[in-house]
Amino acid sequence: MNEIGGIYQLIVRIGEYSFHFNLTAIAMTWIVIALLLFFGYMASRRRHVLPNSMQVVGELLVAQFYGLTESTLGKERAKSYAPLIVALFMFLLLSNWIGAIPHMTEPTTDLNTPLSLGLMGFVLAHYAGIRAKGFKGYIKTYFEPIVFMLPMNLIGELAKVISISFRLFGNMMGGAIIILVVSHLIYSLVLPPFLYLFFSLFIGTIQAFVFTMLTVVYIAVQVD
Amino acid sequence: MEAVKSLRKKYCPTAMFIAIIAALVMIFIGHKDLARGIVLGTLFSILNFVLMGASIQLRVQRTRRTGAMIAFVLVLLRFGFLALPLVVSIYYDKYHIVTTIAGLFMVQAVMLADAVKKLVLSRPA
Amino acid sequence: MAIEGVDLIHAASYIGAGIAMGLGAIGPGVGEGMVGAKACEAIGRNPSEAALLTRTMLVGQAVSESTGIYSLVVALLLLFVV
Amino acid sequence: MEMDIQILVKLAAYIGGGMAIGFGAIGAALGEGYAASQADMAISENPEKSSDIVRNMLIGQAVAESAAIFALVVAILLLFIAPQDPTIVTAAALLAAGVSMGLGALGSGLGSGFPAGETCTAMVKVQDPKVLSRMTTVMLISQAVCQTPAILAMVIALMLMFVGFGGPDPVKAVALLSAGLCMGFGAIGSGAGSGLPGGAACQGIGRQPEAQGLLTTNMLIGAAVCQTPAIFAMVIALILMFVNLGDVPFNPYWAAFMGAGLSTGLAAIGSGYGGGMAAGASCEGIARNPKTVGVVTTTMLVGQAVAQSPVIFGLLISFILLFKGYGEAFALAPGMALLAAGICMGFGAIGPGIGSGIAATSAVSWVARNEENAGLLMRMMLVAQAVTQSTAIYSMVIALVLLFVI
């Protein structure tokens, strides 16, 4: 079970603080980004009325999530937020799927990736809230229904970040560990591929969708 | 009750028949203890089913809670009865424990086999 | 095994935190599920109001989640303050 | 000391046997009581059907009892077992066997009462004797599927009783006890839950006899998926029984093993039952509108998969507890932190698991009524389930804090 404990780390010391970087997760993130850029290039390279296969997939994804954002946030706001939402989903989907390839690990099994994406959604939602309601109106929401609710509302907002990022992390990490342990316990050729199919592909897709959907919905809750 | 009687007629002889066939096969391959075990187990399985049918009057026409309470007491009583063959087969080597346990499920097994047969036969239509 | 005052307090606070969060999560979990079920029902009846219903559901769930967040706060207090 | 161990082992075996038969009989009694009361209502509604209903009830009860008979067999074996050179590990193993079998039979007994009761209720309105016999057939099949968690629990119980676990190592004793608890608790939810699709399918056949094939298939898929938590619990129980960590110190490890068992075992209750609720709703939906079978089954599977997130969190915490590795502790607090992590995750996952099942139930049944909006409903269901699970995630966070920060 050495794989669980061993992490390739880069440790940078500045003064008395040391910063630990998980190199595997960073490398995997870059690989995912590279793959997505390549996909984007291929999908938009020769755009035709009769689309090629890449373009079909790309159009499908963009259209689906554009429509989804529009139905939740309204036409005006969808214009500014939908590109980010589509990109978020595609990044998460590929991140969760990449673990199915041998020697690759999902960057989402490192808590830092979901946490930073969750924080991004948090900042974005609150920025959207301030822009939509003005600073006064935004602050006012924290004193509802009564003034004393301020600490609870603050914690509730922070808990959203925790729940959204730990949900993704817990599911992906749980799946990865189950696959690892099962393949160690029974040296079977049949079961692990099925587990990959279930955890990486099926659960990964659902969790990527849930993460994206929740980000949209959190923005929607802030703006009105 | 007519319904209970018809059920008894339907399942119990089949269960006993299967048990006896199995016992004969076991005697034929030279394991008398196995044969005795399965017959003993099946006998008690059938008796349990008969008792269950006989106690049906006690259980119906009650509220859910009293029904469950009465069922609990009756289950414990019947299980005390079902424990007999197990104890016997643990104490006496004449009865093999594994086949006794197998025999205890004979009525249920016959019911399930009947259900599976019906399901398979109904599929092609 | 030295079971002394401070150690005992720590042990009790850890187990208390675990039980507080564990049992505190049951109620909100079921409650939020019921809110979600009603929201799905409402969308089934009236799909055109989906956006509004989603927001209403989230607000309802956030309110019923507050007891879960209280448990979280209590658990964290037990862990880090006691 | 020799004498004490003998008495301890006997005591453990008796308590284990008592728990096995006690919980098993409670499960069977609740299942039979449910079937009897439903049958009673059905008979008072339509006395002409009484012979069919009574017959069905009796068959249903006879099969619902088999889980309890497993428990009886294990209990009797426990009472009369005479282990070679007994140690404290043997005592723990025997106690754990009883707990595993008893709790395991509780869920299956309860669960297999649902199909029996629902079939009796549904028989009131059915005239065709062919349909009646089909309903009984499907009821029996679904009850047989319901017994799977009890059978898994029995396998673990028999292993605990008859596999030798070596010398008097107190850590091993706790690990075995934890394995029994894990399997026992883990089987409750799945056992009770996998009865729900059976009941709904039988009722559905009464309403829509021509959808029998679809309903049976969907019932089997749904019941099989909602038994995954029980299988997870069995995996953890097997690891707890057979993992060999060498010579480990007693103090933090006892808590780690106990926590690992409780985490997955308790977490499986909620997810198992929640998945069963979703499967039951899908059978009902298919009976309402058999044309929607494809989309209903898909929604059900997605709903069940998401409802299993809490048990996956429980599994994650269990694995971390099992394999993290600890130094010897001389105080109580480090061990308690590990135990608390397991308890926190285990209990914390029950509610969200059931809650996600409730959300999925409603979504699935409305997909069957309103097929055009299936995508919308599935989206709504996913969001609702995800938010429902946030309390399970808080529990996981507290458990992780207890594991890594403290």
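Numbers restart at 1 for each chain; the letters A, B, ... are given by sequence-line order, proteins then strands.
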With a 3.5 Å distance limit and no angle check, can you tell me whether [X] reaches the backbone of [Y] through a side-chain donor-acceptor pair?
| X | Y | result |
| --- | --- | --- |
| S263(D) | A260(D) | no |
| S362(D) | A359(D) | no |
| S190(D) | C226(D) | yes |
| Q308(D) | V225(D) | yes |

Under a 4.5 Å cut-off applied to non-hydrogen side-chain atoms, are I26(C) and L23(C) in contact?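 Counting from C-beta outward, I26(C) and L23(C) do come under 4.5 Å.
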Best-contacting candidate, [options], against chain C by heavy atom pairs under 4.5 angstrom:
| options | result |
| --- | --- |
| P334(D), G335(D), A337(D) | A337(D) |
| S390(D), A392(D), G357(D) | S390(D) |
| M336(D), M380(D), E372(D) | M380(D) |
| I398(D), L338(D), I354(D), N373(D) | I398(D) |
| G270(D), P352(D), A360(D) | P352(D) |

Between [X] and chain C, which part of the residue has a heavy atom less than 4.5 Å away: side chain, backbone, both or neither?
| X | result |
| --- | --- |
| V401(D) | side chain |
| V405(D) | side chain |
| S395(D) | both |
| A341(D) | neither |

For A374(D), enumerate each residue passing the side chain to side chain contact (heavy atoms under 4.5 Å, CB included) test, keeping only those at least two apart in sequence or located in another chain.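 Per chain and number, A374(D) pairs via side chain to side chain contact (heavy atoms under 4.5 Å, CB included) with V295(D), V367(D).
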Partner residues of M34(C) under the side chain to side chain contact (heavy atoms under 4.5 Å, CB included) criterion, sequence neighbours left out: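 Only V30(C), I358(D) meet the side chain to side chain contact (heavy atoms under 4.5 Å, CB included) criterion with M34(C).
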Under 30°, 30 to 60°, or over 60°: which ring-plane class applies to F250(D) and W254(D), parallel, tilted or perpendicular?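 Plane angle under 30°, so parallel.
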Most heavy-atom pairs under 4.5 angstrom with chain D, which of G68(C), P47(C), S64(C)?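 The candidate making the most pairs under 4.5 Å is P47(C).
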For each of G44(C), A12(C), A20(C), tally heavy-atom pairs with chain D at distances under 4.5 Å, and name the one with the top tally.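 Heavy-atom pair counts peak at G44(C).
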Does any backbone or side-chain atom of E41(C) lie under 4.5 Å from a heavy atom of chain D? Answer side chain, backbone, both or neither.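 It is both, since atoms from each part get that close.
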Atom group of I9(C) that falls short of 4.5 Å from chain D, counting heavy atoms: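 The answer is neither part of I9(C).
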Which pair of non-hydrogen atoms, one from T388(D) and one from G29(C), has the smallest distance, and what is that distance? CG2-O, 3.1 Å
